[in-house]
Amino acid sequence: QVQLVESGGGLVQAGGSLRLSCAASGRTFINYVMGWFRQTPGREREFVAAINWSDASSRYADSVKGRFTISRDNAKNTVYVQMNSLKPEDTAVYYCAASGSLRNPTLWSWPSQYDYWGQGTQVTVSS
C-alpha cells in the first residue's frame, strides 16, 4: 500500500525558507513521477513542481520558478521541495502526490493524473 507522508510545514516570515519532505513507502518509485501541489480554501489544487524519480528531470509552476527546487533522495525514498524567498501568497496546504503512469511531462501539472496523495502540510508565510 502506497503511503506518502509530508512534513516540514510551518510559519515563516516573508523572504524566509522552508524545506518540505515527502516520505514515500509501499513500493518502488523509480518509475514514478512525484509532484507537489498546494491548495487554499475555496480554490482548486495548484501545481507547484514535479520530478521524475528515475532521471530527476523536473518541472515548475511559473509562480515558483527560481525560488523553489524539487529533489529526491533515492536512499531515503523521499522527495523534497526547498522553498526560498517565500511570499505571503505561497501560504497554502502543500500536498505530495505520486503517479506511476505519467509519461508526458506536459501532464505533470494535472492533479487528476496522480494516483496517490499525502495528507498535506500547512505552510503559512507572514508579511
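The basis for the numbers below is simple: all heavy atoms, side chains too, and nothing from hydrogens, waters or symmetry mates.
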message: Do the side chains of Asp62 and Lys65 get close enough for a salt bridge, i.e. N-O under 4.0 angstrom?
response: yes
query: In Å, rounded to the nearest 0.5 Å, how long is the span from CG of Leu4 to CZ of Phe29?
result: 6.0 Å
- prompt: What distance separates Leu102 CG from Asn52 CG, expressed to the nearest 0.5 Å?
  reply: 9.5 Å
query: Side chains of Val64 and Phe47: does their closest heavy-atom pair fall under 4.5 Å?
result: no
Full working for side chain to side chain contact (heavy atoms under 4.5 Å, CB included) between Glu46 and Thr40: CA-CA 9 Å; Glu46 176 191 21; Thr40 54; over 6 Å; no
field: Any donor-acceptor pair under 3.5 Å from Gln1 side chain to Gly26 backbone
entry: no
- prompt: If you round to the nearest 0.5 Å, how far is CZ of Arg67 from CG of Leu86?
  reply: 6.5 Å
- prompt: Is a side-chain donor or acceptor of Thr91 paired with a backbone partner of Val125 at a separation under 3.5 angstrom?
  reply: yes
message: Distance check, rounded to the nearest 0.5 Å: Arg72 atom CZ versus Ser54 atom OG?
response: 8.0 Å
- request: Say whether, by atom type as modelled, one donor and one acceptor occur between the side chain of Gln13 and the main chain of Ser126 under 3.5 angstrom.
  value: no
query: Does Tyr95 share a hydrophobic cluster with Ile51, counting links as ILVMFWY side-chain heavy atoms below 4.5 Å and allowing steps through other members?
result: no
- line: Nearest heavy-atom approach of Val33 to Ala50 is CG1-CB, 4.2 Å
query: Any side-chain heavy atom of Trp36 sitting closer than 4.5 Å to one from Tyr80?
result: no
message: Is the ring pair Phe68/Tyr94 parallel, tilted or perpendicular, if the boundaries are 30 and 60 degrees?
response: tilted
- prompt: Do Val123 and Met34 belong together in a cluster built from hydrophobic side chains that touch within less than 4.5 Å?
  reply: yes
task: Heavy atoms only: give me the nearest Pro88-Ala14 pair and the separation to one decimal.
output: CD-CB, 4.1 Å
- prompt: Going through the distances and angles, do Lys76 and Ser21 end up as a side chain to side chain contact (heavy atoms under 4.5 Å, CB included)?
  reply: CA-CA 11 Å; Lys76 295 182 179 180; Ser21 301; over 6 Å; no
query: Going only through I, L, V, M, F, W and Y residues with side-chain contacts under 4.5 Å, is there a path from Met83 to Leu11?
result: no
Minimum heavy-atom distance between Asn74 and Trp53, given as atom pair plus value: OD1-NE1, 2.5 Å
field: Check: Tyr60 side chain, Ile70 main-chain N or O, donor-acceptor pair, under 3.5 Å
entry: yes
query: Transitively linked via ILVMFWY side-chain contacts under 4.5 Å: Leu107 with Val48?
result: no
- line: For Ser63 and Arg38, the nearest pair of non-hydrogen atoms, with its separation, is OG-NH2, 3.5 Å
- prompt: Once you round to the nearest 0.5 Å, how far does CZ of Phe37 lie from CH2 of Trp110?
  reply: 11.5 Å
query: If we only count heavy atoms from C-beta on, is the Gln39 to Pro111 side-chain gap below 4.5 Å?
result: no
field: Test item: Glu6 side-chain N/O and Cys96 main-chain N/O as donor-acceptor pair under 3.5 Å
entry: yes
- request: For the pair Asn77 (side chain) and Ala24 (backbone), establish whether a donor and an acceptor sit closer than 3.5 Å, ignoring hydrogens and angles.
  value: yes
Candidate pair Tyr114 and Arg45, rule side chain to side chain contact (heavy atoms under 4.5 Å, CB included), full reasoning: CA-CA 12 Å; Tyr114 290 80; Arg45 202 159 288 191; over 6 Å; no
task: Find the distance between CH2 (Trp108) and OG (Ser99) and round it off to the nearest 0.5 Å.
output: 10.0 Å
message: Can you confirm whether Gln119 is buried at CD, in the sense that more than 12 heavy atoms of other residues, nucleotides or ligands lie under 6.0 Å from that atom?
response: no
